[in-house]
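Down below is the structure, laid out as structure tokens.
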Amino acid sequence: ALDPADVTTLQWLAALRMVQRRLPESEALLRQAVSLRPDYAPLHTDLCEVRYYRGDRVGAEAACDRAQALQPASVITATRRRLLAITESGGRAEAARLLTSGPRSDFDAYTRARLHAHLGHRDSALVYVEQAVAERMFLAPFLHPDPLFDFVRDEPRWLAAVRRMGLAD
């Protein structure tokens with residue numbers, strides 16, 4: 001049984017529900033945690049993420065704004081905001097620019113998977129998904145709820161990667 005007043009437990013359970021694509025539950029847990037500790041920026045950053053996954057861009061931006069106001073120097077919040085901007089309809093040019101500029105090592109497999117998915121590059125997105133999973137990247141399970149990957153959810157390679165992470169639908 002969970003301690004309903006333990007913010008850390010609520011946050012990690014919310015993360016688990018997020019990667020399981022149980023997004024309404026995840027958001028409810030995060031809102032409960034925020035009610036207990038409204039000044040804790042990482043909770044708002046997580047709310048930004050789950051709302052993005054749910055397709056609530058306005059709510060995601062508001063949660064990122066709150067997180068940034070609470071902790072202006074947060075790299076994680078800045079990264080979430082940048083990825084939100086890139087995934088907007090006009091962000092394809094920016095995604096393409098990021099992939100073609102600079103050395104290949106600028107982005108990890110997780111980020112490359114997301115950028116390629118946003119551009120609709122099925123094969124290369126799956127290559128980087130597989131790489132992120134093979135490397136056991138901490139963020140790899142968060143590819144599972146990301147709507148950028150809706151167009152590959154029926155692919156055997158996607159399904160194998162999801163199963164390898166223990167997240168089969």
Side-chain angles (χ1 to χ4, degrees), residues 1-4 6-34 40-57 59-61 63-64 67 74-88 91-92 95 98-99 107-169:
L2 295 176
D3 176 355
D6 185 68
V7 171
T8 302
T9 301
L10 292 168
Q11 185 179 18
W12 281 104
L13 182 57
L16 175 62
R17 296 298 181 248
M18 204 181 303
V19 299
Q20 292 172 327
R21 297 180 72 200
R22 295 167 58 176
L23 303 176
E25 291 174 59
S26 178
E27 185 169 351
L29 288 161
L30 288 167
R31 282 192 320 244
Q32 183 181 349
V34 165
Y40 186 51
L43 295 174
H44 297 280
T45 300
D46 289 353
L47 269 173
C48 173
E49 186 169 14
V50 76
R51 287 174 177 167
Y52 158 72
Y53 294 150
R54 294 189 75 189
D56 177 8
R57 184 165 293 279
E61 289 175 359
C64 271
S74 170
V75 173
I76 295 171
T77 303
T79 300
R80 294 282 187 288
R81 182 169 293 293
R82 183 176 180 195
L83 290 172
L84 268 176
I86 289 169
T87 58
E88 289 177 355
R92 289 180 189 222
L98 288 169
L99 285 171
F107 299 108
D108 58 27
Y110 165 84
T111 302
R112 285 188 171 279
R114 293 189 82 230
L115 292 170
H116 282 274
H118 181 56
L119 293 169
H121 300 163
R122 182 180 294 265
D123 189 58
S124 54
L126 288 168
V127 164
Y128 288 111
V129 166
E130 291 168 329
Q131 182 180 341
V133 172
E135 292 175 4
R136 298 176 159 285
M137 294 185 72
F138 175 77
L139 292 176
F142 292 91
L143 297 170
H144 188 231
D146 194 328
L148 287 175
F149 295 92
D150 286 350
F151 78 113
V152 296
R153 292 197 191 280
D154 62 343
E155 287 279 343
R157 292 165 61 193
W158 171 264
L159 297 169
V162 169
R163 274 193 304 277
R164 187 166 180 200
M165 292 186 287
L167 297 171
D169 289 328

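- Residues that satisfy the ring-ring contact (aromatic ring centres under 6.0 Å, His included) test with Phe142, not counting sequence neighbours, are absent from this structure.
- The shortest non-hydrogen separation linking Ser124 to His116 is OG-ND1, 2.7 Å.
- Between Trp12 and Phe138, the two ring planes are perpendicular [angle over 60°; tilted spans 30° to 60°].
- Here the closest heavy-atom approach between residue Tyr110 and residue Ala132 is recorded as N-CB, 4.1 Å.
- With contacts defined as side-chain heavy-atom distances shorter than 4.5 Å, the pair Val7/Leu43 qualifies.
- Looking at heavy atoms from C-beta onward, Asp123 lies in side-chain contact with Arg157 at the 4.5 angstrom threshold.
- Between Asp108 atom CG and Gln131 atom CD the span is 9.0 Å, to the nearest 0.5 Å.
- Arg17 contributes atom CZ, which lies 4.0 Å from atom CZ of Arg22 (distance to the nearest 0.5 angstrom).
- A distance of 10.0 Å separates CG in Leu47 from CG in Asp56, rounded to the nearest 0.5 Å.
- Using a distance-only test at 3.5 Å, with no hydrogens or angles considered, a donor-acceptor pair links the side chain of His144 to the main chain of Val19.
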Next item on the list: Dump the intermediate steps for side-chain contact (heavy atoms from CB on, under 4.5 Å) on Glu25 and Leu13, then the final yes or no.
Entry: CA-CA 9 Å; Glu25 291 174 59; Leu13 182 57; over 6 Å; no

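- By the 4.5 Å heavy-atom criterion applied to side chains, Pro145 and Leu23 are counted as neighbours.
- Within the 4.5 Å cutoff, no side-chain heavy atoms of Pro42 are placed close to those of Asp46.
- With contacts defined as side-chain heavy-atom distances shorter than 4.5 Å, the pair Cys64/Glu49 does not qualify.
- Note that the CG atom of Leu159 and the CZ atom of Arg164 stand 15.0 Å from one another [nearest 0.5 Å].
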Next item on the list: Report the C-alpha distance between Gln11 and Tyr40 in whole Å, list the side-chain angles of each, state the deciding distance to 0.1 Å, and finish with yes or no for side-chain contact (heavy atoms from CB on, under 4.5 Å).
Entry: CA-CA 11 Å; Gln11 185 179 18; Tyr40 186 51; 3.7 Å; yes

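- The CZ atom of Arg57 lies 6.0 Å from the CD atom of Glu61; values are rounded to the nearest 0.5 Å.
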Note to self: Would Arg122 and Leu126 count as a side-chain contact (heavy atoms from CB on, under 4.5 Å) here? Give the steps.
What the structure shows: CA-CA 6 Å; Arg122 182 180 294 265; Leu126 288 168; 4.2 Å; yes

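- Cys48 approaches Ala63 most closely through the heavy-atom pair N-CB, 3.4 Å.
- The shortest heavy-atom contact between Arg54 and Pro24 is NH2-CG, 3.8 Å.
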Margin query: What verdict does the side-chain contact (heavy atoms from CB on, under 4.5 Å) test give for Arg153 and Asp150, after you've listed the backbone C-alpha separation in whole Å, the side-chain angles of each residue and the deciding distance to 0.1 Å?
Written below: CA-CA 5 Å; Arg153 292 197 191 280; Asp150 286 350; 2.7 Å; yes

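- More than 12 heavy-atom neighbours from other residues, nucleotides or ligands sit within 6.0 angstrom of CG on Leu119.
- The distance from atom OH of Tyr128 to atom CZ of Arg114, rounded to the nearest 0.5 Å, is 15.5 Å.
- Judged by distance alone, the side chains of Tyr52 and Asp146 do bring a donor and an acceptor atom under 3.5 Å apart.
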